[in-house]
There are 2 protein chains.
Amino acid sequence: MMAGRGTSRTRLSRNAVLGAAVALADEQGVGGLSMRTLAEDLGVVPMALYKHVSSKEDLLDGMVDMIVAEIDPPLEGQAWKTTVRSRILSARTVLQRHRWARQVLETRTTRTPAVLAYTDSFIGMFLDRGFSVDLTHHVMHALGSRMWGFTQELFDAPGPAAGPSVAEDARVDTASGSAQPDAAQLAELARRFPNVLRIAMASAHDDGVVGRGCDDQYEFEFALDLLLDGIEGLHARGWTSART
Amino acid sequence: MMAGRGTSRTRLSRNAVLGAAVALADEQGVGGLSMRTLAEDLGVVPMALYKHVSSKEDLLDGMVDMIVAEIDPPLEGQAWKTTVRSRILSARTVLQRHRWARQVLETRTTRTPAVLAYTDSFIGMFLDRGFSVDLTHHVMHALGSRMWGFTQELFDAPGPAAGPSVAEDARVDTASGSAQPDAAQLAELARRFPNVLRIAMASAHDDGVVGRGCDDQYEFEFALDLLLDGIEGLHARGWTSART
DNA sequence: TTGACGGGTGTACAACGTACACCTAGGGTG
DNA sequence: CACCCTAGGTGTACGTTGTACACCCGTCAA
């Protein structure tokens, strides 16, 4: 008796759990997503989830991975501007579809492989079209808040994510300091995320291609001035959005 | 016995509570801020806080108000660009000083009077320098993510915040729909936040000064294209940040 | 047949936000 | 002076959260 509940007792899986979590967050918001509500949603006891997800943090990381996968791949054979533009707009529609995502992303500290892969591909759209590493670096910072809020902490401590699934016990942990990634990890990193590495290397030593290393303040002002200069131009020529 | 704890038992106040909360969040992060830890910090029992703060939500709103007050007022008698630029940079240093703020702002739904006042003054920097309502509208959207993340939900449902202190039971509440602000509230609103109102009115009926009403998608693309055009220019002329 | 093991269960605990009843010090009024 | 009213701090208690730990069962390899 009490065998299942209507539907046949199909086994759970990490994907099933993540999928249900995303669906639940979509309709209830992130506030309505607890291990208990999610478990009930799956017709299972709360602790069952921990066989597929190591913690709620891990669950949220997995959910982010899922929606990152929804972002369209970059267009092929188009001008950089077209490609970047459509990619960003695709990311935006994904974030619109999952309105909890912005809030969740804001709290995430671990970069999972899926997120790194997206970032890497994103950087590639510039580098592959002949952008300099220097300019690409600044452009990524400028676009960050549009892509979504990954800002300064992108390039320091790239260690955490190397495994084929989710990093095991990886956590960035305030002031650990001793987490030096070993050579094997670095090599794996270089193979899978070459563009990230190029950018990271360039900003590591300030004698490199990038003028003054990675200065948050500078990055911020770079993006800001870009906006302001554009605005100034519109204002000067009496721009208006109306067809008039 | 147990009268106070070293220091004389000074009475609490809303400001004292908020100040302690900000200080605690500054050093512990928002995760380390609970009603219990905050109470202990103040040498008081948790429930005592509720005499000065109606809920934790209210506490967070108050904390936001506190740091908004730290942002410098706009410069007088300067070009709009100088004024806006320095104001945004001031806001940025405040957010750097209180690193929990970004995360908290992302979850806030109620706009308190202090926040509205800041926004209003911000809009004024453009309007007072001769910017059109139309352009100012779009510019505010474009700068939003830089100022901080108030985005589309700025202009719909302006009701909540009218009282001299914090709005009493105001909450935006999903799909309430029946919360029509009465005339008195509107008048008060118009008196204290005239610029907000002008922008809001303009986007309310699409025959107004703003071309197509307030279309989120359009706003997003507006800001995006501003950035992209600027980037394109830099790329074309081989821009680099190095002194070389 | 057996034994290991992947995966669902049950109980339990600490920490959270906060409702509710209570007590108490201090000050305005008779 | 006696009064009591009230602003503000206290104590207890409840429901909800994440999750540790022990358990148990169904499936498959040997």
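Letters go in sequence order (proteins before strands), and every chain restarts at 1.
Applying the side chain to side chain contact (heavy atoms under 4.5 Å, CB included) test to B:Ser13 and every residue at least two apart in sequence or in another chain returns B:Asn15, B:Ala16. Qualifying side chain to side chain donor-acceptor pair (under 3.5 Å) partners for B:Arg97, counting only residues two or more places apart in sequence or in other chains: B:Glu70.
As rounded to whole Å, 17 Å separates atom P of C:dA25 from atom CG of B:Leu12. In this structure, A:Asp58 atom CG and D:dA20 atom P are separated by 12 Å, rounded to whole Å. Atom CZ of A:Arg11 is separated from atom C1' of C:dC5 by 11 Å (rounded to the nearest Å). The interatomic distance linking A:Leu38 (CG) with D:dT16 (P) rounds to 17 Å, in whole Å. Rounded to whole Å, the distance from NZ on B:Lys51 to P on D:dG11 is 13 Å. Residue B:Arg14 contributes atom CZ, which lies 16 Å from atom C1' of D:dA7 at whole-angstrom precision. Between the CD atom of A:Glu40 and the P atom of C:dT9 there is a distance of 13 Å, given to the nearest Å. We find that CG of B:Leu49 is positioned 18 Å from P of D:dA7, with the value rounded to whole Å.
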Inset, instruction - For A:Thr112 and A:Asp65, run side chain to side chain donor-acceptor pair (under 3.5 Å): C-alpha distance rounded to whole Å, both residues' side-chain angles, the deciding distance at 0.1 Å, then the answer. - result: CA-CA 7 Å; A:Thr112 67; A:Asp65 280 4; 2.4 Å; yes
Legend entry - Check against side chain to side chain donor-acceptor pair (under 3.5 Å), A:Ser90 and A:Thr93: CA-CA 5 Å; A:Ser90 169; A:Thr93 73; 4.8 Å; no
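Of the side-chain N and O atoms in B:His52, one or more sit less than 4.0 angstrom from OP1 or OP2 of D:dG9.
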Just list the side-chain donor-acceptor pairs under 3.5 Å for residues 22-29 of chain A, sequence neighbours left out, or say none.
from, atom 1, to, atom 2, distance (Å)
A:Asp26, OD1, A:His98, ND1, 2.7
A:Asp26, OD1, A:Trp100, NE1, 2.7
A:Asp26, OD2, A:His98, ND1, 3.1

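In this pair, B:Phe122 and B:Phe126 present their aromatic rings tilted. The plane angle is within the 30 to 60° band.
Using a 4.0 Å cut-off between charged side-chain N and carboxylate O, A:Asp72 and A:Arg87 make no salt bridge. Between B:Lys56 and B:Asp61 there is no salt bridge, since none of the side-chain N atoms of the basic residue sits less than 4.0 Å from a carboxylate O of the acidic one.
Sorted by residue number, the list of members of residues 16-25 of chain B with any non-hydrogen atom under 4.0 Å from DNA chain D is empty.
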For nucleotides 13-18 of chain C, print each protein N/O atom paired with a nucleotide N/O atom at under 3.5 Å, atom names and distance only.
from, atom 1, to, atom 2, distance (Å)
C:dC16, OP1, B:Ser34, OG, 3.4
C:dG17, OP1, B:Lys56, NZ, 2.8
C:dG17, OP2, B:Met35, N, 2.9
C:dG17, N7, B:Arg36, NH1, 2.5
C:dG17, O6, B:Arg36, NH2, 3.1
C:dT18, OP2, B:Tyr50, OH, 2.8
C:dT18, OP2, B:Lys56, N, 2.9
C:dT18, O5', B:Tyr50, OH, 3.4

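Judged as a ring pair (Phe, Tyr, Trp, His ring centres under 6.0 Å), not a single pair has a partner in residues 33-69 of chain B (not counting sequence neighbours).
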